[in-house]
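Counting starts at 1 for both ligands and their atoms, in listed order.
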Amino acid sequence: MSKERLIIFDTTLRDGEQSPGAAMTREEKVRIARQLEKLRVDVIEAGFAAASPGDFAAVQAVAEAIKDSTVCSLARAIESDIEKAGLAIRPAARGRVHTFIATSPIHMKMKLKMEPEQVLEQAVKAVKWARQWTDDVEFSPEDAGRSEIDFLCRVLEAVIKAGATTVNIPDTVGYNIPQGWGEVFKSLRERVPNADKAIWSTHCHNDLGLASANSLAAVLNGARQVECTINGLGERAGNAALEEVVMAIKVRPDLFPVETRIDTTQIVPTSKLVSQITGYVVQPNKAIVGANAFAHESGIHQDGVLKHRETYEIMRAQDVGWQTNKISLGKLSGRNAFKTKLAELGIQLESEEALNAAFARFKELADKKREIYDEDLHAIVSEEMVTPEVEHYRLVSSLFHSETGEAPRASITLAVGGVEKHAEATGSGPVDAALKAIESIVQSGAKQLLYSVNAITTGTDAQGEVTVRLMKDGRIVNGQGADTDIIVASAKAYLNALNKLHAGGERLNPQL
Ligand code: KIV
Ligand code: ZN
């Protein structure tokens, strides 16, 4: 039986970015978008162009970089938003405008303060405005999961008539359960007279832990696009996880009449990249991409797997990319091999200087560590993405002292705008002392929202990767630093975040 295509719409860069503190810079968005293109997602929702000039620039940069996936911008049902979305996606090989307005009684009355008829009229106008920019227009009735079905039918019929090519039904607050969500799709597709003129899409939030299950129920009832994010990132409890939806469809072809074009071996590398850039660590027992997803602990299970893998495994670890964690370069690799490997990973450094600096960092690491993995390269590049123009603060040297019975001390020298400055501090531990010494030089006054440390690969010679999330004047940034010495990694991560704050840009915390 030939299968219909299920469109995978990835919204990691938009809804995923609405996870508290998961703000990404323009360069980081482009890096993730390139990896999503490698993963072969059909549509990349790159952001919300009208949110700020920085958001506009990020969507535009993704539109310029991506050739094989459609690039989409979200827009409220307001003409100026739609104009910005339309302009931002203009460089894309294929561009989509996704416009939305709420249709639930509670949102219309309490948030929009609009009558249902006004909402319907605005939805139609929005789709018509969007069609002036592109033939590929998606409409979402926000909070459809709590909207009245008769009203939804009227709105959806009207927007399809006005030119919407995809109608996306969001369960904005994750209120539905699979059987009911499937029935919503069945009923909408039966009752909207021009239902066959658009692609039906589902966008589920995970407040009850049902986002993936609800998305699959929608697919069984006619949805042919699923909106999802890597690692299930997203507003509050997140969105349906791309990896869960895609693998359920792949593992159970007996149940689903659809197939995707996703290269599933890119799932784990994409998950790692998103986790590294956003600072959102993946829980070990997370389906598909968690570190334990293919680990067998009990003796009975281990015995079974050794005798016949399928006794306890429904998919192969390498099919989702677990074994792409291979040594990629070593001590003797040259600049060309390094450059080629970065290109293979979809990484483009903006200048020759950045490439040279990254290569020098790689050589330094290879001296200490011998075997360099893809993840190590991503970590090096995360630091070198801070171009010299925006590297206002640079670590020149550091000395840490930690001894039983004594307060840990740090002595730090920084280059601040090219001028060397020195400070010393004590702290509850050497990391605390190092960050205090830096802060006493910089005096940023930024609030620290997160400090997390992770081993990039296995073994005690692994690089520690630190994420520091800072907030200042309403802006949130994530700084990354990696080093085989985790105190140095912490100092680098803190400086990386300070450089991002210093570089400015109009992007505030991207919560709608
Ligand atoms: O959850 C939601 O309703 C959304 C829409 C903008 C599609 O993210
Ligand atoms: Zn959403």
Q: Taking only Lys NZ, Arg NE, NH1 and NH2, and the carboxylate oxygens of Asp or Glu, determine whether R261 and D68 approach each other closer than 4.0 Å.
A: yes

Q: Mind checking what makes salt bridge (Lys or Arg N to Asp or Glu O under 4.0 Å) contact with D319, not counting sequence neighbours?
A: R316

Q: Restricting to N/O/S, name the atom of D15 that gets closest to the Zn ion (ligand 2).
A: OD2

Q: What part of D15, side chain, backbone, both or neither, has a heavy atom within less than 4.0 angstrom of ligand 1?
A: side chain

Q: Hey, what's the ring geometry for H502 with H392, parallel, tilted or perpendicular (30° and 60° as the breaks)?
A: parallel

Q: Between E45 and R14, does any NZ, NE, NH1 or NH2 come within less than 4.0 Å of an OD or OE carboxylate oxygen?
A: yes

Q: Give yes if a backbone or side-chain nitrogen or oxygen of N168 is under 3.5 Å from a nitrogen or oxygen of ligand 1, and no if not.
A: no

Q: Taking 4.0 angstrom as the limit and counting only heavy atoms of E142, give me the atoms of ligand 1 inside it, by number and element.
A: 3 (O)

Q: Charged N to carboxylate O below 4.0 Å: is that the case for D263 and R40?
A: no

Q: In this structure, does ligand 1 have an atom that sits under 4.0 Å from one of the heavy atoms of H98?
A: yes

Q: Is ligand 1 under 4.0 Å from a heavy atom in the side chain of R14, in the backbone, in both, or in neither?
A: side chain

Q: Could you pull out all residues at least two apart from H205 that satisfy ring pair (Phe, Tyr, Trp, His ring centres under 6.0 Å)?
A: H203

Q: May I ask you to identify, for H205, whether its side chain, its backbone, both or neither come under 4.0 Å of ligand 1 on a heavy-atom basis?
A: side chain

